[in-house]
> 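Mind looking over this structure? Questions follow.
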Amino acid sequence: MFSAFIGIALFCILSLGMYFKYMQISRDEFKKLSHVMHEPQTQNQETEPIGIGAVQAQNKDCIAWLQIEGTDVDYPVMQTPWQAEYYLRRNFDKQYSMTGTPFLDASCDIDNSSNLIVYGHNMKDGSMFASLENYQEKRYGLDHSKIKLYLEDEVREYNLMAVLHFQVTEQNVGNYYTIPNNQTDFETYIELLENGSIYCGGESAQWGDQLLTLSTCDNRTEDGRILVIAREI
């Protein structure tokens with residue numbers, strides 16, 4: 001009995017060690033991409049793509065780069081309309097990865113949609129969208145209220161508007177994961193967000209503003225979800 005217990009304990013320790021080793025490899029891969037993304041231009045690079053262009057040259061599925069200063073959120077954003085969750089368990093190089101890569105909802109048009117919904121995993125080592133857990137604390141959210149989205153020809157800045165925590169139900173999914181396409185629906189949606197928000201980060205959004213919604217799982221509750229919603233400024 002005791003030997004069986006020791007065996008199980010050793011297996012758990014080894015599994016945990018392998019998990020964090022795998023996570024470190026994933027972190028290193030994304031750090032390399034981040035270096036490519038944020039590397040300043042030099043004279044030798046005048047004819048070479050830089051920034052998001054250099055990242056997209058490595059994988060055309062990359063539609064943007066997401067960054068929240070002061071957090072670990074500094075990742076490419078992928079989109080594959082032909083297979084909505086293609087990057088759910090794939091890394092930037094399209095190989096299997098438990099961390100996946102943040103991806104934009106397949107129904108979103110990055111230029112024309114009123115709400116851009118980006119999904120990312122909440123990893124136990126603090127990577128990917130794990131930082132979104134902290135937004136449930138108002139002080140943290142207000143201290144990290146600026147979100148940047150780098151596109152091929154512009155940088156969009158968003159300001160924190162609402163933070164939601166809820167359990168997955170058909171009604172909640174229908175209410176919160178939506179892309180309003182007219183003023184009436186947009187205003188109804190904003191009211192819904194503000195009423196359901198843990199706290200509000202600033203001014204309310206108006207029709208014509210673009211929202212950025214970051215979605216991740218809550219590892220503390222069953223079927224829990226956390227949404228961090230910001231509006232373009």
Side-chain angles (χ1 to χ4, degrees), residues 23 26-27 30-31 34 37 64-78 87-88 99-105 108 110 113-150 155-169 171-180 186 189-206 209-233:
M23 291 297 100
S26 176
R27 276 179 173 268
F30 281 112
K31 281 182 180 178
S34 178
M37 171 66 202
W65 188 279
L66 176 69
Q67 183 185 44
I68 308 177
E69 291 188 11
T71 77
D72 286 335
V73 178
D74 188 28
Y75 296 108
V77 177
M78 319 303 281
Y87 284 94
L88 183 68
T99 68
T101 306
F103 60 94
L104 181 66
D105 192 290
C108 288
I110 202 159
S113 292
S114 63
N115 186 17
L116 302 180
I117 306 172
V118 181
Y119 305 93
H121 288 297
N122 182 351
M123 305 307 296
K124 294 180 180 179
D125 69 335
S127 63
M128 308 314 291
F129 278 8
S131 297
L132 301 191
E133 288 260 13
N134 300 325
Y135 277 85
Q136 295 175 91
E137 297 294 332
K138 184 175 182 179
R139 184 71 268 162
Y140 181 94
L142 297 181
D143 287 343
H144 301 86
S145 61
K146 304 299 182 184
I147 303 174
K148 291 183 178 181
L149 196 66
Y150 294 83
V155 180
R156 295 180 192 170
E157 295 188 2
Y158 300 80
N159 192 49
L160 180 66
M161 190 188 76
V163 178
L164 281 76
H165 176 263
F166 57 89
Q167 284 190 302
V168 172
T169 64
Q171 180 176 355
N172 283 337
V173 170
N175 284 342
Y176 299 130
Y177 292 93
T178 187
I179 305 170
F186 186 85
Y189 182 60
I190 295 302
E191 183 178 3
L192 186 70
L193 294 179
E194 292 177 343
N195 289 338
S197 182
I198 299 172
Y199 60 90
C200 293
E203 297 179 5
S204 180
Q206 307 295 323
D209 294 338
Q210 186 178 71
L211 304 181
L212 176 63
T213 297
L214 308 182
S215 171
T216 195
C217 295
D218 170 22
N219 291 332
R220 301 175 186 176
T221 58
E222 185 177 359
D223 290 331
R225 291 292 184 275
I226 296 169
L227 296 186
V228 171
I229 299 131
R231 68 172 184 88
E232 190 176 4
I233 55 177

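Bear in mind the structure is a predicted one, so any value in this text is a computation, not a measurement.
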> Locate the shortest heavy-atom distance separating Glu232 from Tyr158; write the atom from each residue and the value.
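Closest pair (atom of Glu232, atom of Tyr158, distance): N-CD2, 3.3 Å.
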> If only side-chain N and O atoms count, and only distance matters, is there a donor-acceptor pair under 3.5 Å linking Thr213 with Asn115?
yes
> Apply side-chain contact (heavy atoms from CB on, under 4.5 Å) to the pair Val73 and Leu66, showing each step before the final yes or no.
CA-CA 7 Å; Val73 178; Leu66 176 69; 3.8 Å; yes
> Say whether, by atom type as modelled, one donor and one acceptor occur between the side chain of Glu133 and the main chain of Ile226 under 3.5 angstrom.
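Not a single qualifying donor-acceptor pair exists.
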> Does atom CD of Glu137 have more than 12 heavy-atom neighbours from other groups under 6.0 Å away?
no
> Let me see the working for Cys217 and Phe129 under side-chain contact (heavy atoms from CB on, under 4.5 Å), right down to the final yes or no.
CA-CA 9 Å; Cys217 295; Phe129 278 8; over 6 Å; no
> Hey, are Tyr177 and Ser215 close enough side-chain-wise for a donor-acceptor pair under 3.5 Å?
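A pair is found: one side chain offers a donor N or O, the other an acceptor, under 3.5 Å apart.
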> Side-chain contact, heavy-atom cut-off 4.5 Å: His165 with Thr221?
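Yes, at least one pair of side-chain atoms sits under 4.5 Å.
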> Testing the basics here: between Thr178 and Gly174, what is the closest heavy-atom pair and its distance to 0.1 Å?
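Shortest heavy-atom separation between Thr178 and Gly174 comes out as CB-O, 4.0 Å.
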> Between atom CD1 of Ile190 and atom CD of Gln206, what is the distance when rounded to the nearest 0.5 Å?
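One gets 8.5 Å once the value is rounded to the nearest 0.5 Å.
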> Please answer whether the main-chain N or O of Pro180 pairs with a side-chain N or O of Ser114 as donor and acceptor at a distance below 3.5 Å.
yes
> Nearest 0.5 Å, please: how far is CG in Leu211 from CD1 in Ile179?
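Here the interatomic distance stands at 10.5 Å.
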> Scan Lys31, Glu69, Gln67 and name whichever one has a side chain to side chain contact (heavy atoms under 4.5 Å, CB included) with Asp74.
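That would be Gln67; it is the only one of Lys31, Glu69, Gln67 passing the side chain to side chain contact (heavy atoms under 4.5 Å, CB included) with Asp74.
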> Kindly compute the distance separating CZ (Arg156) from CG (Leu212), expressed to the nearest 0.5 Å.
10.0 Å
> For Phe186, enumerate each residue passing the ring pair (Phe, Tyr, Trp, His ring centres under 6.0 Å) test, keeping only those at least two apart in sequence or located in another chain.
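Ring pair (Phe, Tyr, Trp, His ring centres under 6.0 Å) list for Phe186, sorted by chain: Trp207.
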> Of all the heavy-atom pairs spanning Val168 and Val173, show the shortest one and how long it is.
CG1-CG2, 3.9 Å
> Per the side chain to side chain contact (heavy atoms under 4.5 Å, CB included) rule, which among Leu214, Val228, Asp105, Thr216 passes with Val118?
Leu214
> From Tyr199 OH over to Met161 CE, what is the distance, rounded to the nearest 0.5 angstrom?
12.5 Å
> Say whether, by atom type as modelled, one donor and one acceptor occur between the side chain of Tyr189 and the main chain of Tyr176 under 3.5 angstrom.
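Between the backbone of Tyr176 and the side chain of Tyr189 there is a qualifying donor-acceptor contact (under 3.5 Å).
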> So, the side chain of Asp223 versus the backbone of Thr169: is there a donor-acceptor pair under 3.5 Å, distance only?
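It does not hold such a pair.
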> Verify, without hydrogens or angle tests, whether Glu194 (side chain) and Ala162 (backbone) share a donor-acceptor contact under 3.5 angstrom.
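No; judged by distance alone, with no hydrogens or angles, the pair does not exist.
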> What's the spacing between Thr99 OG1 and Met123 CE if we round to 0.5 Å?
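Atom-to-atom, Thr99:OG1 and Met123:CE are 6.0 Å apart.
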> Does a sphere of radius 6.0 Å around CD in Glu191 hold more than 12 heavy atoms from other residues, nucleotides or ligands, not counting ones at 6.0 Å or beyond?
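Check fails, neighbour count at 12 or below.
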> So which atom in Gly141 and which in Tyr135 form the shortest heavy-atom distance, rounded to 0.1 Å?
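Closest heavy-atom pair between Gly141 and Tyr135: CA-CD2, 3.6 Å.
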> Can a donor-acceptor pair be found, under 3.5 Å and without considering hydrogens, that links the side chain of His121 to the backbone of Leu88?
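Such a contact is found between His121 side chain and Leu88 backbone.
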> Assess the residue pair Leu193 and Leu227 against the criterion (side-chain contact (heavy atoms from CB on, under 4.5 Å)); give the C-alpha distance rounded to whole Å, side-chain angles, the decisive distance to 0.1 Å, and a yes or no.
CA-CA 10 Å; Leu193 294 179; Leu227 296 186; 5.5 Å; no
> Which pair of non-hydrogen atoms, one from Gly100 and one from Phe30, has the smallest distance, and what is that distance?
O-CZ, 3.8 Å
> Look up atom CG in Leu160 and atom CD1 in Ile68, then write down how far apart they are to the nearest 0.5 Å.
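Going from the CG atom of Leu160 to the CD1 atom of Ile68 covers 9.0 Å.
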> Can you see which heavy atom on Tyr75 is nearest to which on Met128, and at what distance?
OH-N, 2.8 Å
> Does the pair Lys146 and Asn159 meet the rule for a side-chain contact (heavy atoms from CB on, under 4.5 Å), with working shown?
CA-CA 5 Å; Lys146 304 299 182 184; Asn159 192 49; 3.1 Å; yes
> Please examine the side chains of Leu116 and Cys108, heavy atoms only from C-beta on, and report whether any two atoms are closer than 4.5 Å.
yes
